[in-house]
Amino acid sequence: MKQNNSSPGDFILLGFSDKPQLEIVLFVVILIFYILNLVGNTIIILVSCLDPKLHTPMYFFLTNLSFLDLCFTTSVAPQLLVTMRSKDKTMSYSGCIAQLYVAMGLGSTECILLTVMAYDRYAAVCRPLHYAVIMHPRLCLSLAATAWLSGLATSLIQCSLTIQLPLCGHNKLDHIFCEVPVLIKLACVDTTFNEAQLFVASVVFLVVPVSLILISYGYITQAILRIKSASGRRKAFGTCSSHLVVVIIFYGTIIFMYLQPVKNRSKDQGKFVSLFYTIVTPLLNPLIYTLRNKDVKGALRKLILGKARGHKFCL
């Protein structure tokens with residue numbers, strides 16, 4: 001591919017190449033985390049689909065989240081691992097742009113999906129008698145579809161604007177993958193409009209969802225405190241605590257990356273923060289939901305024992 005003023009023939013993905021010893025350690029850590037991510041999220045999907053007791057709105061959304069995390073990490077980790085172990089740090093222009101669209105779309109989808117899950121927990125705790133009526137299958141499908149389609153829409157808009165920026169031959173990405181803020185910083189023209197547009201998109205997909213989640217948990221906390229029995233309060237809190245931990249971890253890191261002015265970002269901080277929400281957080285999700293959720297642990301034991309005895313689950 002010929003090099004021109006608007007796009008280079010390929011990119012040089014620097015990653016952690018300036019720290020060779022750290023790069024070796026991170027390669028091993030990322031590889032282990034990626035494998036565990038594949039296994040953990042696949043297990044969540046399997047137990048949620050195969051155990052009839054888990055055919056509820058909460059686990060329907062959890063299955064979507066696990067599938068989303070599988071795709072999100074896979075859009076980043078394999079290319080990063082190849083680049084880290086290769087002397088040739090190049091990444092094709094088409095590969096970078098594909099990664100840009102996919103990662104942006106999946107990340108945006110997760111922002112909306114976590115908000116949908118917060119609404120599900122609100123309905124379960126605050127409106128338990130009407131929960132089955134409120135969260136009927138058609139609404140669950142509509143909410144999940146809205147999350148996926150909104151992520152796709154913002155990716156098409158944001159990434160399409162970003163790839164229009166001329167790079168003037170600049171092709172060194174001092175980052176771990178192709179991400180919108182990094183490409184904006186690489187541009188050789190005034191990027192005020194792109195930065196403003198990114199900020200607006202970040203408010204819509206980060207600040208608004210976080211605000212809605214906090215409002216939901218405000219109502220949930222009030223409802224839990226009104227429960228008279230201690231066991232009832234523990235059970236109600238247990239249904240929500242896993243989701244709240246995931247929300248804090250995911251939004252905390254991604255807000256740090258996207259709500260700072262592009263030029264004020266430390267490149268090393270940006271690398272580690274991006275590493276956290278693309279590699280670490282997707283692994284923490286199945287761990288948190290499995291370790292803190294009796295239903296999932298019970299379904300997993302049932303699945304293992306059922307396979308050991310040659311039994312089959314019925315959908």
Side-chain angles (χ1 to χ4, degrees), residues 40-41 44-45 47-49 51-69 108-148 150-151 205-255 277 281-282 284-300:
N41 281 297
I44 292 288
I45 294 171
V47 297
S48 297
C49 292
D51 192 330
K53 292 182 179 179
L54 301 185
H55 292 176
T56 64
M58 175 181 172
Y59 294 104
F60 169 73
F61 294 127
L62 180 56
T63 301
N64 274 265
L65 180 64
S66 293
F67 178 71
L68 177 65
D69 283 337
S108 301
T109 299
E110 182 154 353
C111 291
I112 304 301
L113 185 59
L114 289 174
T115 309
V116 170
M117 294 175 73
Y119 175 71
D120 172 67
R121 293 301 83 210
Y122 161 79
V125 175
C126 299
R127 305 287 298 278
L129 298 179
H130 301 91
Y131 178 68
V133 176
I134 295 172
M135 300 303 294
H136 55 81
R138 185 176 297 176
L139 177 63
C140 292
L141 287 171
S142 298
L143 290 172
T146 299
W148 286 95
S150 60
F205 281 87
L206 296 175
V207 177
V208 173
V210 166
S211 300
L212 293 174
I213 290 171
L214 291 177
I215 291 171
S216 296
Y217 275 94
Y219 284 110
I220 288 171
T221 301
Q222 290 179 351
I224 290 175
L225 292 176
R226 286 198 296 265
I227 298 175
K228 295 182 179 180
S229 68
S231 60
R233 286 195 297 270
R234 283 196 300 269
K235 183 177 180 181
F237 180 75
T239 64
C240 305
S241 58
S242 298
H243 177 255
L244 190 57
V245 171
V246 170
V247 165
I248 292 170
I249 292 172
F250 178 74
Y251 281 104
T253 53
I254 205 166
I255 284 175
Y277 65 73
T281 303
L284 293 178
N285 288 350
L287 289 178
I288 290 170
Y289 279 108
T290 302
L291 295 176
R292 296 178 61 86
N293 192 301
K294 293 181 180 179
D295 292 335
V296 175
K297 288 190 287 187
L300 182 57

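The residues of the chain are indexed from 1 along the displayed sequence. The model shown is predicted, which means the values in this text are computed figures rather than measured ones.
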- Task: Quick one: do L65 and N41 satisfy side-chain contact (heavy atoms from CB on, under 4.5 Å)? Show the steps, please.
- Result: CA-CA 9 Å; L65 180 64; N41 281 297; over 6 Å; no
What closest approach, in Å, do [X] and [Y] show between heavy atoms, and which atom pair accounts for it?
X: T109; Y: G151; result: OG1-CA, 3.4 Å
X: A123; Y: Y131; result: C-CD1, 3.6 Å
X: T56; Y: K53; result: CG2-O, 3.8 Å
X: M135; Y: P57; result: O-CG, 3.5 Å

Would you compute the distance between atom [atom1] of [X] and atom [atom2] of [Y] and round it to the nearest 0.5 angstrom?
X: R226; Y: C126; atom1: CZ; atom2: SG; value: 7.0 Å
X: I215; Y: T115; atom1: CD1; atom2: OG1; value: 11.0 Å
X: F60; Y: C49; atom1: CZ; atom2: SG; value: 10.0 Å
X: N64; Y: I45; atom1: CG; atom2: CD1; value: 9.0 Å
X: M117; Y: I112; atom1: CE; atom2: CD1; value: 13.5 Å
X: R127; Y: Y219; atom1: CZ; atom2: OH; value: 11.5 Å

- Query: What do the steps show when you test V210 against L206 for side-chain contact (heavy atoms from CB on, under 4.5 Å), and what is the final call?
  - Reply: CA-CA 6 Å; V210 166; L206 296 175; 5.5 Å; no
- Message: One pair to check against side-chain contact (heavy atoms from CB on, under 4.5 Å): F61 and L143. What are the steps and the verdict?
- Response: CA-CA 9 Å; F61 294 127; L143 290 172; 4.3 Å; yes
Whether [X] side chain and [Y] backbone form a donor-acceptor pair below 3.5 Å:
X: H136; Y: L139; result: yes
X: Y277; Y: Y251; result: no
X: D120; Y: V116; result: no

- Item | Stepwise side-chain contact (heavy atoms from CB on, under 4.5 Å) check, Y119 with I134 | CA-CA 11 Å; Y119 175 71; I134 295 172; 3.5 Å; yes
